[in-house]
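A quick write-up on the structure given underneath.
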Amino acid sequence: MSSPSLRDRAAPLTLPTLIAALVAWLVAAAIAFRSSLLTSFAMVFGNGGDGRLIAYLHEHLFASLQGRAELLSPAFYFPQKNVLGYTDAFLLNALPYSALRGLGLDPFLASQILAIILSLCCFASTLVIGRRYLRLSPALAICAAVLVTFPSNLMFKTAEAHPNFFALYYVPCLVLLALWTIEEFPRPTGWSLLRAAGFGAAYGLLFATSFYVAWLFALTVLFGLGTVAVFRGSETLALLRQHPRSCVMLVGAALTGFAIGAIPVLTIYLPALQQQAGRSFRDYVSFAPFPTDLINVGIRNMVWGPVVERLIGDAQHERALAVTPLMTAALILLLLRLRRTASAGPLPWQLLFATSCVAVWGLSWIATLRIGTFSAFWLPYHLLPGAVAIRAGDRIQLLVNLWVVAGLMVLLQYWLDAASPDRGIRRKLIAAIIVALCLIEQINLQPAGLARRDELAQLAAVPAAPPKCGAFVVDAGSPFDGKQLDAMWISAKLRLPTLNGDSGWAPPGWRLNDPTIGYDDAVRLWITTTDLNVPLCRYDRGARQWSPYPLPADEGTADRQ
């Protein structure tokens, strides 16, 4: 007799559970996005640097879909082509963002509303995974969804600087699609194969949405599967031998979908890779976390902030992304206790799963930590494809949080189910206290950092460029006054290319942000390097005036005259 499929073992989702979950999401989202909601979206997540860049790139996708821009060549770093591959391309966001823009929302508001919508998708996916497939009680499944969707490190990272990490919300959706794919295993259907292909394509596109999220998630999966192989390797191989046709069909469909999803990824990034060699390992080490950062959740965390400030100080923001200490400790201690009292023989799947989650947590720190000038990340840096693009390894903790939450909730459910009748109420009370404390320690007081209305007002004040302008630069200003992003947004408004630019990389020979060279000298050097011969203008942001910018050849002619 064949064993029941994943569908047969799945727990149901009832209407009361869905209603309670919706209420929980509304409350949690109101707390997480409060700085935007309380200001009527005058403040949105991000900052004046990366936040503006990310919104600009979304706007470029919108313009590309409308036929107003060339997808691979946003109109900055002009006349350099194929510069979209210098940073995240946000492809999965293109259609929903464009829909919001089509409804009349401005670029910054559309980006913020998109993040809120994606949070609901993440919450719902996590709820279904927890209830149907991990068989958590409705209460634990709802709490797991809150902890996955609104963790301290994600809300700090996105509010402080990098709303691109809202792409993490796609991960539970992909996991749900993968589980849906294998619901009928070992009897795959045509729909199963279609879902497998859809999963592969969506995961491929995730690399062109947020490379960090896609690549680091794969690394955590590698850690998790490696742990399962250690404990159940022979059983896994036996399963593969027992159902080779089903496994080959599902894996083949997923790989086919991934190959299709990777086509735009390669189209976007191969031209950039031909110009750039990737980041140096020294660059990685300069951003790597220290052992003390194991508890570094940042000084803005409501519970742990004062402790972190006293022990570590206000560390560089890339190092303030640890999974909250209480939740991590609860997972590890509960696992140790349950494994110590477990009967002899194979581990129950719940303990094996939690063991894998703890291994993901531990190995992620071992792989990314910096000791002196060395980091074990040297190994994946030289062995794994794509590792040379990783600058800040501590960002893996954004993905590790998913594993810690899942492991803790599965253990708590296993612990509650194993309770005798006389201990059931006591264990439920202890579990409720643990979960409540884990929820409270996620509250991060970092406010949204991008003044939306100020950005729109400054952009609205820019006058039209003279008709003869074929491209432009902005005035030199001061070294760190945001001139590059100012120029990019002016370019988007006027549909006029700019020599200025800002992204993860810059074209070879472009030095307009180099403090060791005069700004005008850098502009002329770039003009000479690229043989630029279109009429060039300068925009003075203070005076809000346009003027001709002489090309080097024009200056030479004037000198001779």
Side-chain angles (χ1 to χ4, degrees), residues 10 13 15 17-33 36-37 44-45 54 58 61 88-103 105 109-134 136 138 141-151 153-155 157-159 162-181 183 195 198-210 212-214 216-217 257 261 398-399 401-403 405-406 409 442:
L13 272 167
L15 181 60
T17 298
L18 294 175
I19 294 174
L22 179 60
V23 172
W25 174 78
L26 288 170
V27 172
I31 295 173
F33 296 110
S36 290
L37 296 174
V44 295
F45 278 37
I54 292 159
H58 281 79
L61 291 177
D88 288 331
F90 303 105
L91 287 192
L92 285 175
N93 292 354
L95 292 179
Y97 174 84
S98 297
L100 293 172
R101 291 285 284 121
L103 292 174
L105 277 62
L109 182 57
S111 297
Q112 185 66 69
I113 297 299
L114 176 59
I116 295 174
I117 293 172
L118 289 177
S119 77
L120 178 57
C121 296
C122 173
F123 184 94
S125 297
T126 307
L127 175 70
V128 174
I129 293 169
R131 180 64 185 139
R132 278 185 60 80
Y133 300 114
L134 299 181
L136 302 178
I142 292 172
C143 291
V146 173
L147 290 167
V148 164
T149 308
F150 304 109
N153 54 10
L154 178 64
M155 303 317 295
K157 189 63 174 168
T158 52
H162 296 125
N164 53 311
F165 282 103
F166 280 125
L168 183 141
Y169 286 154
Y170 287 110
V171 172
C173 302
L174 289 173
V175 173
L176 177 59
L177 183 55
L179 291 170
W180 194 18
T181 295
E183 268 196 343
R195 293 166 196 154
F199 164 78
Y203 183 56
L205 289 173
L206 185 60
F207 279 91
T209 302
S210 174
Y212 265 90
V213 169
L216 292 174
F217 175 62
L398 298 170
L399 282 306
N401 179 78
L402 310 179
W403 293 83
V405 172
M409 294 302 155
Q442 303 308 317

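Remark: H58 engages F90, Y97 in a ring-ring contact (aromatic ring centres under 6.0 Å, His included) (not counting sequence neighbours). The side chain to side chain contact (heavy atoms under 4.5 Å, CB included) search around A178 returns F199, not counting sequence neighbours. For A201, the side chain to side chain contact (heavy atoms under 4.5 Å, CB included) criterion is met by no residue, not counting sequence neighbours. By the side chain to side chain contact (heavy atoms under 4.5 Å, CB included) test, L120 pairs with W25, sequence neighbours left out.
Contact between V405 and A144 at its shortest, heavy atoms only, is CG1-O, 3.7 Å. Closest heavy-atom contact between G261 and L205: O-CD2, 3.7 Å. The two residues S98 and A94 come nearest to each other via the heavy atoms OG-O, 2.7 Å. In terms of heavy atoms, A167 sits closest to V213 at O-CG1, 4.1 Å. Here the closest non-hydrogen pair linking A24 and I142 is CB-CG2, 3.5 Å. Across every non-hydrogen atom of L61 and A89, the tightest pair is CD1-O, 3.2 Å.
From N164, atom CG reaches atom OG of S210 across 5.5 Å, with rounding to the nearest 0.5 Å. Distance check: L100 CG to L95 CG gives 11.0 Å after rounding to the nearest 0.5 Å. Distance check: F33 CZ to Q112 CD gives 6.0 Å after rounding to the nearest 0.5 Å. Here the CG-CG distance, from L22 to L18, works out to 9.0 Å after rounding to the nearest 0.5 Å. The distance from the CD1 atom of I117 to the CZ atom of F166 is 12.5 Å, given to the nearest 0.5 Å.
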Exercise. Apply the test side-chain contact (heavy atoms from CB on, under 4.5 Å) to residues M155 and F45: give CA-CA distance (whole Å), side-chain angles for both, the deciding distance (0.1 Å), then the verdict.
Key: CA-CA 9 Å; M155 303 317 295; F45 278 37; 3.7 Å; yes
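The closest side-chain heavy-atom distance from N401 to L147 is not below 4.5 Å.
Considering Y212, F217, F165 as possible partners of L398, the one that fulfils the side-chain contact (heavy atoms from CB on, under 4.5 Å) test is F165.
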Under 3.5 Å, which donor-acceptor pairs do the side chains of residues 121-133 form with other protein atoms, sequence neighbours left out?
from: S125; atom 1: OG; to: C121; atom 2: O; distance (Å): 2.9
from: T126; atom 1: OG1; to: C122; atom 2: O; distance (Å): 2.8
from: R131; atom 1: NE; to: P12; atom 2: O; distance (Å): 3.1
from: R131; atom 1: NH1; to: L136; atom 2: O; distance (Å): 2.7
from: R132; atom 1: NH2; to: E183; atom 2: OE2; distance (Å): 3.1
from: Y133; atom 1: OH; to: E183; atom 2: OE2; distance (Å): 2.5

Output side-chain donor-acceptor pairs under 3.5 Å for residues 168-176, partner residues at least two apart or in another chain, one line each.
from: Y169; atom 1: OH; to: T149; atom 2: O; distance (Å): 2.7
from: Y170; atom 1: OH; to: L92; atom 2: O; distance (Å): 3.3
from: Y170; atom 1: OH; to: N93; atom 2: OD1; distance (Å): 2.5

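Of the possible polar contacts, none joining the Q442 side chain to the F150 backbone as a donor-acceptor pair under 3.5 Å is found.
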